[in-house]
Amino acid sequence: MAVKRNGTTKDKNGLIKQRYLCHGCGRRFNDLTGTALAYSKKQELWGQMARCMVEGKSVRKTAQALDVHVATAFAWRHKLLDAHREQEKPTLTGIVETDEMYLLHSMKGSRRVGETGRKSRRRGGVATKRGLSKEQVCLVVSQDRHQQSLAEISGMGMPSAIAVHQVLTQMVHKEAILCTDGAQPYRRYCQEAEIQHVPVDGKKRLKGSLYHLNNVNNWHKRFRDWHNVGLRGVATKYLLNYTTWFIFLDQARKMSQVPAARQMLVTACSAFGERPAA
């Protein structure tokens, strides 16, 4: 084997960790190397951190619960979410509903707003232009009937056919049936990818039809409420992290908090960067 056990090490809390040696590169590592918990000086608090994430606590309440600085709680939150984003995404199958939603571009927390040429605005402000414009971020959301959801940013303003193709290629199985509002970028994608396409007109849809956008539109509403009320808006640069968090909470809502927190932590620790391969 390229990797073998190489003794143990004890941390300041007395926990014994197995070390490994890679014969290929000569590097030593342990089970947490390359994970969100690596190099953390308070690894014993990460279980509580995951519990706070499952409970949906704010950064300040999380910091109080863990007795750490607010900046530390914020950094830990995004370490967990970054690790979850690195996980291999599921492929949506069967009947897949796809629709986009738009969120005003946000630079929340940034000190560089003035450098962009626009003035700061109050939380929940409105765009300077009417309708859809480059001031709004387009989030393409897809959900199948197994309640698996995926969300990706396609750019600013209305998505182009190229952007839709790049996003949906990562999400949708080739044998799926794609339900959309019939917009031209989706039609073009389905033609090029040879995917069955069912355009849905919400006003003319027959009652009881299998083909609708009810699930994905419900996802939009719940996410917007969580985004605007629960989080009070998020910076656009962190938007995909928060969609990842929302999707996890959505899928874990039928679980009790302890197993859900354990699952969040285990999933985060199974994602890693550079690490010797066995």
Where do Trp226 and Lys221 land on the side chain to side chain contact (heavy atoms under 4.5 Å, CB included) test, with the steps shown first?
CA-CA 9 Å; Trp226 184 69; Lys221 181 182 183 304; over 6 Å; no
Nearest heavy-atom contact between Pro199 and Arg187 is CB-NH2, 3.9 Å
Once ring pair (Phe, Tyr, Trp, His ring centres under 6.0 Å) is applied, do any residues pair with Trp219, and if so which ones, sequence neighbours excluded?
Phe223, Phe246
Measuring from atom NE2 of His105 to atom NZ of Lys237, what distance do you get when rounded to the nearest 0.5 angstrom?
10.5 Å
For Phe248, what residues pass the ring pair (Phe, Tyr, Trp, His ring centres under 6.0 Å) criterion, not counting sequence neighbours?
His84
Using a 3.5 Å distance criterion without hydrogens, assess whether the side chain of Gln87 forms a donor-acceptor pair with backbone atoms of Thr267.
yes
Applying side chain to side chain donor-acceptor pair (under 3.5 Å) to His197 and not counting sequence neighbours gives Thr180
Would Val200 and Val164 show up in the same hydrophobic cluster when neighbours are defined by side-chain heavy atoms closer than 4.5 Å?
no
Would you call Lys174 and Glu194 a side-chain contact if the rule is heavy atoms closer than 4.5 Å?
no
Measuring only between side-chain heavy atoms, which start at C-beta, is Ser106 closer than 4.5 Å to Val234?
no
Is any side-chain heavy atom of Ile177 less than 4.5 Å from a side-chain heavy atom of Val96?
no
Which heavy atom of Pro185 sits nearest to which heavy atom of Pro159, and what is that distance?
CG-O, 3.5 Å
Is it possible for you to say whether Leu240 and Met156 belong to one hydrophobic cluster, with membership spreading through side-chain heavy-atom contacts below 4.5 Å?
yes
Are any of the side-chain heavy atoms of Asp99 and Asn217 separated by less than 4.5 Å?
yes
Which atom pairs, one a donor and one an acceptor, fall under 3.5 Å between side chains of residues 166-173 and the rest of the protein, sequence neighbours left out?
unit_1	atom_1	unit_2	atom_2	d
Thr169	OG1	His165	O	2.5
Thr169	OG1	His165	ND1	3.2
Gln170	NE2	Gln166	O	3.0
His173	ND1	Glu175	N	3.0

Is any side-chain heavy atom of Val137 closer than 4.5 Å to one of Leu139?
no
Starting from the C-alpha separation in whole Å, work towards a yes-or-no answer on side chain to side chain contact (heavy atoms under 4.5 Å, CB included) for Gln251 and Gln147.
CA-CA 8 Å; Gln251 294 175 343; Gln147 301 304 310; over 6 Å; no
Examine distances only and state if a side-chain atom of Asp144 and a backbone atom of Gln148 form a donor-acceptor pair shorter than 3.5 Å.
yes
Calculate, to the nearest 0.5 Å, the distance between atoms CD and SG belonging to Gln136 and Cys138 respectively.
9.5 Å
Close side-chain approach of Leu265 and Leu80, heavy atoms under 4.5 Å:
yes
Results of salt bridge (Lys or Arg N to Asp or Glu O under 4.0 Å) for Arg188 - residues two or more places apart only:
Glu192
Partners meeting salt bridge (Lys or Arg N to Asp or Glu O under 4.0 Å) with Glu100 (sequence neighbours left out)
none
What are the two closest non-hydrogen atoms of Tyr102 and Gly157, and how far apart are they?
CE2-O, 3.5 Å
hydrophobic_cluster_shared for Leu103 and Tyr238, side chain cutoff 4.5 Å:
yes
Sorted by chain and residue number, the salt bridge (Lys or Arg N to Asp or Glu O under 4.0 Å) partners of Lys254 (sequence neighbours excluded) come out as none
Any chance you could measure Met49, atom CE, to Met264, atom CE, to the nearest 0.5 Å?
8.5 Å
Qualifying side chain to side chain donor-acceptor pair (under 3.5 Å) pairs, either residue in residues 59-77, two or more places apart
Arg77-Tyr242
Do Leu92 and Tyr211 belong together in a cluster built from hydrophobic side chains that touch within less than 4.5 Å?
no
With His146, which residues qualify under ring pair (Phe, Tyr, Trp, His ring centres under 6.0 Å), at least two apart?
none
For Asn215, which residues count as a side-chain contact (heavy atoms from CB on, under 4.5 Å) partner, sequence neighbours excluded?
Glu97, Gln143, Arg145, His212
When rounded to the nearest 0.5 angstrom, what distance separates OG1 in Thr243 from CG in Leu150?
9.5 Å
Does Val216 reach the side chain of Thr98, with side-chain heavy atoms less than 4.5 Å apart?
no
If you group Ile, Leu, Val, Met, Phe, Trp and Tyr by side-chain heavy-atom gaps below 4.5 Å, do Met101 and Leu213 land in one group?
yes
Any side-chain heavy atom of Glu152 within less than 4.5 Å of one from Val140?
no
Residue Met158 excluded, over 12 heavy atoms near CE under 6.0 Å:
no
Please evaluate residues Met53 and Leu81 with respect to the criterion side chain to side chain contact (heavy atoms under 4.5 Å, CB included), reporting the C-alpha separation (whole Å), side-chain torsions for both, the decisive distance (0.1 Å), and the verdict.
CA-CA 10 Å; Met53 295 281 288; Leu81 296 178; 3.7 Å; yes
Testing the basics here: between Cys190 and Leu178, what is the closest heavy-atom pair and its distance to 0.1 Å?
SG-CD2, 3.5 Å
Suppose we screen for side chain to side chain donor-acceptor pair (under 3.5 Å). Which residues come up paired with Arg224, at least two apart in sequence or across chains?
none
All heavy atoms of Lys89 vs all of Arg85, minimum pair found to be NZ-O, 2.6 Å
Taking all heavy atoms of Val59 and all of Ala73, pick out the closest pair and write down the distance.
O-CB, 3.8 Å
Residues which pass salt bridge (Lys or Arg N to Asp or Glu O under 4.0 Å) with Arg222, listed by chain and number, not counting sequence neighbours:
Asp250
